[in-house]
Amino acid sequence: MVKSKKVLFWLVAMLGMFFLGVVSQSSGLIDDFFYYWEDIVYLSVQHMQLSAISGSAAIVLAVPLGIWLSRPACKRFAEPMMQVLNIGTTVPTLAILALSMSFLGIGATPAVFALCIATLLPIVRNTYVGLLAVPDHLKEAANGMGMTPGQILLRVEIPNALYVIFAGIRTALTINVGTVPLAFLIGGGGLGELIFTGIDLDEMPMLLAGAIPTSLLAVLVDISVGILAFFIVPKGVNPLRMNT
Amino acid sequence: MIQLENLTKIFETPDGVVTAADNINMTVPQGEICVLLGPSGCGKTTTLKMLNRIIPPTSGRVMINGEDTSTLDTISLRRNIGYVIQQIGLFPNMTIAENISIVPRLLGWDKKRYLARAEELLAMVALEPKTFMQRYPRELSGGQQQRVGVIRALAADPPVMLMDEPFGAIDPINREVIQDEFLKMQEELQKTILFVSHDIDEAVKMADKVAIFNAGKLIQFDSPDALLAHPCNKFVEDFVGTDRTLKRLRLAKVADVMTPAPTPVKPDDDLQTALQIMQNNDYVAVTMVDTLGRPIGSITRDLATAKRGRCGDHFYGLRAIARVDDDLRSVASAMFSKDTTWMPCVDDEGIFRGEISQRGVTHYLGATYRSREAQQTGVQHGEV
Amino acid sequence: METLAFIAESWSLIFSLTLEHISLVSVAVGLAILTGVPIGIAITQNESVAAVVLYAASIIITVPSIALFGLMIPVLSLFGQGIGYLPAVIAVLLYSQLPIIRNTYAAINNVDPALREAARGLGMTPVQRLRLVEIPLAIPVIFAGIRTAVVMNIGVMAIAAYIGAGGLGTLISRGITQTDPRQLIAGALAVSLLAIIADYALLYCQRKLTPKGVSA
């Protein structure tokens with residue numbers, strides 16, 4: 001039932017788009033928009049590269065960090081550490097970029113570094129919280145069967161925490177893709193170039209040539225991570241598949 | 001008084017139409033507890049919840065004290081019916097006092113009156129008002145919460161109460177205690193109560209009437225004793241269990257079954273006197289009491305025949321004593337554990353009031369079957 | 001050192017920009033509460049409407065803030081309000097809907113069905129149920145949603161400086177264009193501190209507003 005409503009929602013959205021398209025076509029906006037087509041393609045690729053590099057670096061760093069913090073040996077400093085991370089997530093992304101620039105200068109490197117930091121935090125937090133939320137009785141049962149700590153982690157804890165971990169990755173990557181336009185401000189490139197220049201020059205088509213692909217990219221990333229989670233998280237512990 | 005007339009609930013589900021309650025008819029007299037009993041999904045809870053329209057009936061009528069409730073609006077109907085559910089449902093954001101006085105407050109009582117009422121009710125269930133009024137539900141034990149749940153339903157003094165497995169979530173020991181307290185309260189309050197349970201023992205203990213449900217139908221509506229003695233079909237027979245006659249032990253008091261006030265002997269009496277009493281009354285034994293009338297021993301016929309002298313010099317000690325308001329279950333238990341078939345019965349002061357024997361108990365339990373057989377033979381033979 | 005000196009000397013500027021930032025976020029989130037909480041309560045009545053509303057809100061929040069500004073500017077320019085205060089407030093208003101609606105919806109929906117049944121059985125009207133039971137129990141979760149919205153939108157509002165909305169983002173944008181690390185760091189620190197302080201202050205309020213008998 002919910003699914004058919006979603007379809008309806010998209011239909012309405014499409015109709016709206018179509019209507020907008022008709023309006024903008026009649027005003028000549030579309031032609032202006034395609035004037036920037038080459039820029040859009042070039043900058044989109046750059047945009048995605050920034051996103052892919054910083055995002056995958058963040059995942060590679062954050063998941064092991066979250067796992068490590070959730071181990072009993074780290075109990076003493078894991079909580080204070082999470083407090084610090086929580087404060088870190090409240091820091092606005094523009095501020096992270098600005099601080100990164102003031103220490104690393106301008107260009108792609110400080111941009112990737114800042115993006116990576118901003119993306120890191122939600123993933124570490126969700127990995128840690130997800131692993132800690134695995135019920136003790138499951139771990140106890142696994143212990144009782146004689147599984148090694150490594151086996152318990154791989155076969156019991158991670159599969160059960162995977163949904164929460166994926167939720168973290170999804171949030172983080174959405175933030176990442178949404179922050180990439182700001183990277184232009186510190187010389188990192190990407191679709192932000194069209195948006196900010198468009199604002200400065202009061203050039204609507206240029207502005208839209210940046211804003212529309214950026215929005216689509218963000219929605220696309222969000223949806224694809226969602227689909228990935230749908231299929232990768234084991235069916236028995238996947239709230240999205242509980243009644244299928 | 002509660003009357004249900006052709007009360008019916010039909011649910012439309014994706015898998016088709018389900019009749020959850022099928023033309024239920026019954027009458028619960030004022031001041032009685034009627035337990036709705038049956039396996040899960042039998043329609044007992046649906047029937048209960050149609051009374052306060054938590055589940056709106058598909059058809060049929062509910063009359064409370066002769067008034068058709070369909071003429072009342074839902075809100076005022078509910079405020080006049082006490083409602084207790086298994087999950088208790090105390091509001092965690094309110095203190096105990098606020099929880100208890102919620103209906104009075106909705107009814108617009110003034111503050112002094114509803115606070116006084118809350119104190120009175122807390123005292124009634126032995127919860128010290130000073131201690132509990134300002135506490136929050138989570139600071140109370142499960143048993144305490146359930147007591148508060150019950151008195152919250154009583155707050156505006158409704159004539160009728162609906163209880164949906166009210167003691168189901170409480171551990172067995174506390175459940176017995178709360179059931180006893182509740183019965184004592186009911187003796188005073190005389191509410192008309194519908195009570196859902198899936199536990200035959202609870203039903204036998206609490207009920208004046210039991211309504212057994214299966215698959216949406218009311219199968220049998222009877223007193224607990226009649227239900228246990230004469231289950232109307234195989235389903236009821238299976239549901240009440242093969243030990244149903246033993247369950248009936250709980251329903252009778254010693255006072256109903258004992259031989260009242262047989263002549264006792266005193267320690268100073270001669271054994272010949274004791275023998276005389278036994279022969280005159282056709283007893284196998286006679287009880288010996290002290291000067292205050294409390295039983296202290298027994299003389300059997302053999303003993304009185306074999307020995308000479310005073311009763312006080314030749315008697316058997318008492319293995320067990322029954323109290324007149326004990327139920328037969330505890331008497332049977334004492335007989336088995338003390339290996340005896342006979343017990344003197346005393347009142348609250350310990351004064352000898354009668355004797356109970358195993359034969360007396362079995363005779364009592366068998367009476368209902370004999371009378372029914374006699375009736376049936378009587379009818380067959382056309383006797384008057 | 002230079003940065004500290006800069007902060008000391010332009011103290012009053014930083015202070016007034018902070019006030020501006022706070023007032024922008026407060027107005028927008030305040031409006032968002034006025035719309036989001038009633039919507040969140042209303043959609044508990046219908047599951048499929050709820051699914052659509054939550055889905056729409058989650059799509060909106062996915063759109064990057066700078067892109068959302070970019071999309072709004074051409075539309076609002078038609079009324080001569082393309083840049084400045086209005087698009088910033090509208091964007092924050094839109095972004096705040098998801099956390100507020102979602103938390104309100106979830107909190108009301110998660111009220112123990114037994115409590116709802118008890119409330120009905122005691123003869124409460126739907127409005128009384130909402131006022132006496134459901135909202136008091138939902139307050140902590142609703143407030144958590146408001147907190148998320150505020151913290152998130154302090155960041156969004158910083159970006160809004162680029163469309164001329166003012167606030168602490170002005171310092172950052174000026175710092176970047178003039179390659180002046182003093183303004184850059186001062187702005188970044190101020191906006192971060194503001195977010196952190198707002199987070200803790202609202203957490204404190206959230207605890208204060210939680211009914212005593214309900215665990216936080």
Side-chain angles (χ1 to χ4, degrees), chain B residues 45 48-49 51-56 72-107 134-140 145 148-150 152-156 158 160-166 169, chain C residues 37 40-41 44-51 103-147 203-216:
Chain B
T45 303
L48 182 89
K49 289 183 178 177
L51 266 81
N52 62 355
R53 292 194 221 135
I54 293 286
I55 297 175
L72 296 168
D73 73 280
T74 306
I75 298 301
S76 49
L77 169 73
R78 287 178 183 162
R79 286 181 190 168
N80 282 304
I81 297 180
Y83 189 45
V84 184
I85 57 179
Q86 183 183 354
Q87 308 90 326
I88 310 175
L90 295 183
F91 302 125
N93 54 319
M94 300 182 193
T95 61
I96 298 305
E98 287 168 339
N99 263 292
I100 299 172
S101 57
I102 185 93
V103 178
R105 279 187 290 153
L106 293 175
L107 291 171
Q134 292 315 314
R135 290 217 180 147
Y136 285 92
R138 64 166 171 174
E139 297 169 309
L140 269 60
Q145 288 187 24
V148 175
V150 171
R152 178 175 70 175
L154 285 168
V160 168
M161 284 185 60
L162 307 177
M163 306 177 85
D164 186 4
E165 303 206 18
Chain C
V37 173
I41 293 173
T44 55
Q45 299 304 311
N46 188 321
E47 220 175 286
S48 39
V49 172
N103 280 33
T104 305
Y105 172 76
I108 300 276
N109 247 7
N110 284 353
V111 169
D112 184 351
L115 293 181
R116 201 168 284 137
E117 187 177 330
R120 286 171 71 199
L122 291 171
M124 288 191 196
T125 62
V127 175
Q128 286 168 335
R129 230 158 59 211
L130 211 52
R131 183 169 60 86
L132 295 171
V133 181
E134 292 171 347
I135 291 183
L137 291 175
I139 279 281
V141 181
I142 295 177
F143 212 80
I146 294 172
R147 194 174 125 222
L203 183 63
Y204 177 80
C205 297
Q206 182 183 333
R207 296 217 170 113
K208 282 277 150 192
L209 281 171
T210 305
K212 257 200 216 141
V214 183
S215 52

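In what follows, every chain begins at residue 1, and chains take the letters A, B, ... in the order their sequences are listed.
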Residues of residues 94-104 of chain B with any heavy atom under 4.5 Å of a heavy atom in chain C: B/Met94, B/Ile102, B/Val103
Set of residues satisfying salt bridge (Lys or Arg N to Asp or Glu O under 4.0 Å) with respect to C/Arg147, sequence neighbours excluded: C/Asp199
All salt bridge (Lys or Arg N to Asp or Glu O under 4.0 Å) counterparts of C/Arg116, not counting sequence neighbours: C/Glu134
Spacing of CE belonging to C/Met124 relative to CG belonging to B/Leu106, to within rounding of 0.5 Å: 5.5 Å
Identify which part of [X] has an atom lying under 4.5 Å from any heavy atom of chain C, answering side chain, backbone, both or neither.
{"X": "B/Leu162", "result": "neither"}
{"X": "B/Ile81", "result": "backbone"}
{"X": "B/Ile85", "result": "side chain"}
{"X": "B/Arg53", "result": "backbone"}

Side chain to side chain contact (heavy atoms under 4.5 Å, CB included) partners for B/Ile55, two or more places apart: B/Lys9, B/Phe11, B/Thr46, B/Lys49, B/Met50
Pick from C/Leu132, C/Ile139, C/Val111 with the largest number of heavy-atom pairs that fall under 4.5 Å of chain B: C/Leu132
Taking [Y]'s backbone N and O only, do any of them form a donor-acceptor pair with [X]'s side chain (distance below 3.5 Å, no angle check)?
{"X": "C/Arg120", "Y": "C/Pro126", "answer": "no"}
{"X": "C/Thr210", "Y": "C/Gln206", "answer": "yes"}
{"X": "B/Arg78", "Y": "C/Leu122", "answer": "no"}
{"X": "B/Asn93", "Y": "C/Leu137", "answer": "no"}

